[in-house]
Amino acid sequence: MKTNEIRQKYLDFFQTKDHTLVPSDVLVPKWDKTVLFTPAGMNQFKDHFLGNVELEYTRATTSQKCLRTGDIENVGRTAYHHTFFEMLGNFSFGDYFKREAIHWAWEFLTDKKWLAINADQLTVSVYTDDDEAANIWHKEIGLPLSRIARLGEHDNFWPAGAPTDGPDGVCGPCSEIFFHPENGPECEIWNLVFTQFNREGDPPDNLVPLPNKNIDTGMGLERIAATMQGVTTNFHIDTLRPIVEAAAEVVGVAYVPDSENGRRLRRIADHVRACTMAIHENVYPGAQKEEYVIRRLLRRAVLQGHEMGLRDPFLAQIVPAVIEQMKQPYPELVPTGERIQQVITNEERGFFGSLDEGLARIESIFQKMKSENSTTVRGEDAAELYQTNGIPAELFAGIAEERKLKFDWSGYHDAMDRHAKISGNDSKGVMGDFGPIDEIKKEIKLTEFLGYQSTSAEGIIVGLVEEVSNADNEPTPVRKNELKPPKDSVQYVVLDQSPFYAESGGQVGDTGIIIGPSGSFEVTDTQKSGDVILHMGHVVMGTLVAGDPVEASVDEQRRDAIRRAHSATHVLHYALQQKLGDHAQQRGSKVSDDLFRFDFSNLIAVEADKLVAIEKMAIEKISSGGAVVAETVPLETAKKRGAMMLFGEKYPDPVRMISIGDFSKELCGGTHLSEIADVEAFEIISEESVTSGTRRIQALTGKRAVANQQQIIKSANTIANLLGTPIRGIPAATEQLLVQYKSLKKQLASGQKKGSAESEVTPSSIAATNMDSASVDKDLDYFQIRDLLKLSASCLNISLPQVEQRITAMVAEIAELRQQIAQMATVGEVNVQDLIASATWIGEIQVVVNQLENASPALMKNLVDQIRQKIAPVAVFFATSPAPDKVLLTAGFSRDLVERGLSAGDWIREVAPVVGGGGGGKPDLAQAGGKLPEKIDEALQAAIVFVERKLK
Ligand code: SER
C-alpha cells in the first residue's frame with residue numbers, strides 16, 4: 001500500500017468516526033514559544049486540550065508535518081529515525097476516551113476495509129498501573145495478557161518521564177501498539193496518549209486529574225508505510241527510496257544500503273527533504289533558533305557529500321526528487337522549488353568555501369588534544385570553530401564521536417552565551433503555564449474584538465492582573481480584585497469585549513484609555529494570549545475594580561496612522577511581486593503608526609532603479625484610489641478568488657480577506673482603511689538585508705511621510721543656499737565642493753605657502769551656474785528634489801538624511817582650510833622645508849624651534865604634522881603672537897620620541913609660564929596660550945633647555 005493511500009485512508013477512517021479533518025499546522029508555529037518546530041500532531045491543539053478556547057469541534061484528525069532533531073545522530077543509521085516526518089493523529093477534546101481510542105485504532109489496523117494487518121503480528125503496551133487500558137485490550141479486543149506489556153513512565157507516559165521529571169502541564173499514560181514482522185525486530189507503530197492529568201510540581205501527588213479527559217494519538221506515517229510495504233527501513237518506502245536513489249545519482253555513487261555511503265546517502269536524503277519543507281515555509285538557514293537548525297541540517301548534509309569526495313554544491317539537485325515525492329499531499333511545493341534550490345545552493349557554497357579549512361582545524365585540535373592526553377573537545381574551541389569556519393558544534397561533536405572523543409557541551413553553551421549567540425534547541429511539547437492569565441483564559445475563553453467597527457466601546461472588567469515582585473525579586477503576575485496606580489509594575493486589564501487591537505500579524509497593539517466608574521487606566525500596549533485580549537499599562541487615577549463596567553477608547557489618531565501603514569503594506573507587497581516576481585513574498589512585518597517595515601524573500605539587494613519603480617507603482621496605486629474591503633469568506637473561496645497565501649502561515653477557516661481596488665487580495669486580520677487613497681503619502685526610506693535571502697524595506701505613510709518630505713525639502717533649500725546654487729544644481733555643486741575640499745586639504749598638506757586661485761573661491765561661487773533659483777526649481781516635485789539630494793549623498797558616500805549636516809560641515813571646514821592657507825601665505829618666507837633646514841641637532845635628534853608670524857593654532861599643528869611626516873626623530877616648538885598681548889605656543893614630538901617617554905604636554909607646561917601662560921596636552925602634541933610676546937625668545941630658549949635636559 002502506497003504512503004499516500006495510507007494517509008488518505010487514515011483521515012477517511014476517522015472522518016467516518018465523526019472527526020473533523022483539520023489541516024496540518026505549519027512546521028514553525030510562531031505562536032508557540034515553547035517549540036522551534038512542530039514536534040507532534042497534538043501541538044496545534046494545546047489550547048484545545050487546556051480548555052483555553054471555545055471548541056468548534058471535539059474530535060479532530062490530522063496528518064501533521066513534524067520536525068524533530070533530538071536524535072539526529074541516529075538519522076541514516078537506524079531504520080526509523082528522521083528529522084522531518086508526517087504524523088497521523090486523532091484527537092478528542094473532552095469527548096471520547098480510552099475505550100473508543102483503543103477500539104478504533106484496532107479497527108483501523110486490522111479491519112479488511114482499512115489496513116488489514118494480521119492481528120497476530122500486533123502486541124501492545126500500557127502504563128504500569130493503567131488497568132483500565134489493559135482491560136479494554138484484554139477483555140474487549142481479546143488480546144491475551146501475554147501480548148500486553150506493562151511499562152513505566154519512560155516508555156508509556158507522554159511526555160516521556162513526565163511524572164518524575166516534568167515538564168509541568170497536561171500529560172497522561174499511553175498505550176503503544178507494536179508490529180512484529182516475520183523477520184526482524186518489533187516496531188512501535190502507534191502511540192495512544194490518554195491525556196488525563198495536569199502535572200503540577202514534583203512527585204508525589206503531582207498528577208491532578210483534568211476535568212475533561214482527552215485523547216492524543218500519533219502514528220508516524222513513514223513507519224506504518226514501511227510496515228505495510230514490508231521494507232526493513234523507512235528509507236525504503238515508496239516516497240523515500242527515490243530520494244535516496246536521487247542522492248546517490250547526484251553524488252555519483254551506487255546506493256548500497258548496508259555500507260557507510262548508504263548511511264550517508266540516507267542522511268542526505270532525510271536532511272534535504274526536511275530543509276525543502278522548511279525553506280518552502282520561508283525558514284531559511286541562519287544563525288538563530290529554527291533557522292540555525294536548518295543551517296545545521298544543510299551543513300551536515302554537505303559534510304556527508306564532502307566525505308564522499310564532493311567539493312562543490314550538490315544538495316539543490318536533489319530537491320526536485322523531494323518535490324516529486326511530496327507534491328501529492330503538498331502541491332504548493334511545486335512553485336517554490338526554484339527558490340528552495342537557490343537558498344540551498346547559497347548556503348552550500350558558503351559552507352564549502354570554509355569547510356576544508358574548518359576540517360583541518362578540527363584535525364589540529366584533535367592532535368593537540370592527543371598531545372595533552374585529553375579526550376574531551378573544549379567547548380570554547382567548538383564555539384570558535386563555528387564562528388570562524390561555520391562548523392556547527394553538533395557536527396564537530398559528531399566527528400568527535402566517530403573518533404571516540406567526548407564533547408564539552410556545557411562549555412560550548414557557556415562560550416556561545418558569552419558571544420551572545422544563543423541558538424535554540426528542541427524542546428518537549430510543554431503545555432501551558434498556569435498563571436493568572438491562563439486562569440482568566442479558562443474562565444472567559446475569548447475577548448470579543450470590536451475594533452473592526454469602532455474605536456471605543458463599553459465592556460466589563462473580567463480580570464485584573466498585576467506583576468508583583470516575588471521573594472527572588474522577579475516580577476510575577478498575580479490576580480487582583482482591584483488595581484490602584486502602581487509603583488513601577490505592569491498591570492493588565494481583561495474585558496469581556498474590547499475595541500483594542502492586540503499585537504498580531506505584524507501590526508502593533510493599540511494604545512488608549514479605559515475609564516471605569518472609579519478610576520482610569522492608561523493602555524500603553526495591547527497583547528494577546530490565546531483569544532484573550534490583554535490591555536497592558538497602568539492605573540493613572542482612582543481604582544479599577546473587577547466586575548465594573550468601563551468605557552474603552554483607543555487612541556484614534558494613532559489607530560488611523562496604523563491603518564494607513566497597514567493598508568500600504570498590502571500595496572507594497574503587490575508592487576514587489578509585480579516588479580521583482582512571485583518569489584518576493586512577505587516574510588514578516590512590523591506595522592506601526594505611519595511607519596512600517598516589510599521583510600520579503602529576495603536573494604540580492606533590490607537595485608536602486610527597481611526600488612524607485614516599486615515606490616512609484618505603490619504611489620500610483622494609492623493615488624488612483626480604490627475601496628479597501630474586508631470580508632470573511634471560506635478559505636477555499638479566498639483561494640479561488642486569488643487571495644495571496646503565504647507559505648508557512650496557517651489560516652483559519654473561514655478567513656478574513658482584505659481586497660484593495662481590483663489589484664490586491666490578502667488574508668489578514670489587521671485594521672485597514674476603507675479607501676486606499678487615504679494613505680495620503682507614501683515613501684520608501686530604506687532597503688537593506690535582514691538575513692540571507694531576506695530583504696527589508698522601511699516606509700512611511702500619512703503624516704510621517706509628509707513630515708519627512710517637508711524636512712527633505714527644507715534640507716534641499718538649506719543646501720542650495722549654502723552652495724549658492726538652485727536645487728537643481730546641488731549634485732554638480734556637491735561634486736565641485738568635494739573637489740575643492742580635497743584640493744584645499746592637499747594644498748595645505750603639501751605646505752604651499754602661497755594662496756592659489758583656488759583658495760580665493762568662496763562658497764557662493766562654487767557652482768558657477770548663474771541660475772536663477774526660483775525659476776529653475778519651479779517645476780521640481782518632491783521626488784525629483786529627493787533624487788537630487790540622493791545624487792549628492794552618493795557623491796559623498798553617505799545616506800540621504802546625512803547630506804545637509806555633511807555639506808554644512810564641509811563648507812565650514814573649507815572656510816577654515818582657506819583661512820589656514822591664507823595664513824600660511826602670511827607666515828612669510830617660512831615653509832616646511834625652510835623650517836626643517838633651520839633645525840638644530842641635539843644628540844641624534846633634530847629640534848625645530850621657531851617663532852612664526854601670526855599663525856593660527858590649526859596652522860601650527862598642521863606644520864608640526866608635516867615636519868613629523870618628513871623627518872624623525874624630531875622635536876618641534878613654535879611660538880607666535882597673533883596680537884600685541886597674546887602668545888600661542890605649540891609643541892610636538894615625533895612618535896619614536898613619545899615612545900621613548902617624552903611628552904609634549906610636559907614640555908609646554910614647563911615653557912608656557914615664561915610667556916605668562918599655562919596649558920598642556922597629549923604626549924605627541926600640546927598647545928598653550930600666554931600674554932607676554934616680549935618673552936618669546938626667552939621661551940624658545942627654555943624649550944631647547946627642556947630637550948637638552950631630557951636627552952642627557
Ligand atoms: N503526542 C504523542 C506523540 O508525539 C502522540 O501523538 O507520540
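Note that ligands are numbered from 1 as they come in the structure, with each ligand's atoms numbered from 1 the same way. Numbers for residues simply follow the sequence, beginning at 1.
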Quick check: closest heavy atoms across D155 and C174, and the distance to 0.1 Å?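 Where D155 meets C174 most closely, the heavy atoms are O-SG, 4.0 Å.
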Which label fits [X] and [Y]: parallel for a plane angle under 30°, tilted from 30 to 60°, or perpendicular past 60°?
{"X": "Y57", "Y": "F45", "result": "perpendicular"}
{"X": "W104", "Y": "H19", "result": "perpendicular"}
{"X": "F49", "Y": "F93", "result": "perpendicular"}

May I ask you to check whether D18 and Y96 show a side-chain donor-acceptor distance below 3.5 Å?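 Absent: no donor and acceptor within the cut-off.
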List ligand 1's nitrogen or oxygen atoms that come under 3.5 Å of a protein nitrogen or oxygen, with the partner atom and distance.
from: ligand 1; atom 1: 1 (N); to: D216; atom 2: OD2; distance (Å): 2.8
from: ligand 1; atom 1: 4 (O); to: R68; atom 2: NH2; distance (Å): 3.1
from: ligand 1; atom 1: 6 (O); to: D216; atom 2: OD1; distance (Å): 2.7
from: ligand 1; atom 1: 6 (O); to: T217; atom 2: O; distance (Å): 3.3
from: ligand 1; atom 1: 6 (O); to: G218; atom 2: N; distance (Å): 3.2
from: ligand 1; atom 1: 7 (O); to: N191; atom 2: ND2; distance (Å): 3.2

Below 4.0 angstrom, N of the basic side chain to O of the carboxylate: do R273 and E222 qualify?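 So R273 pairs with E222 through a salt bridge.
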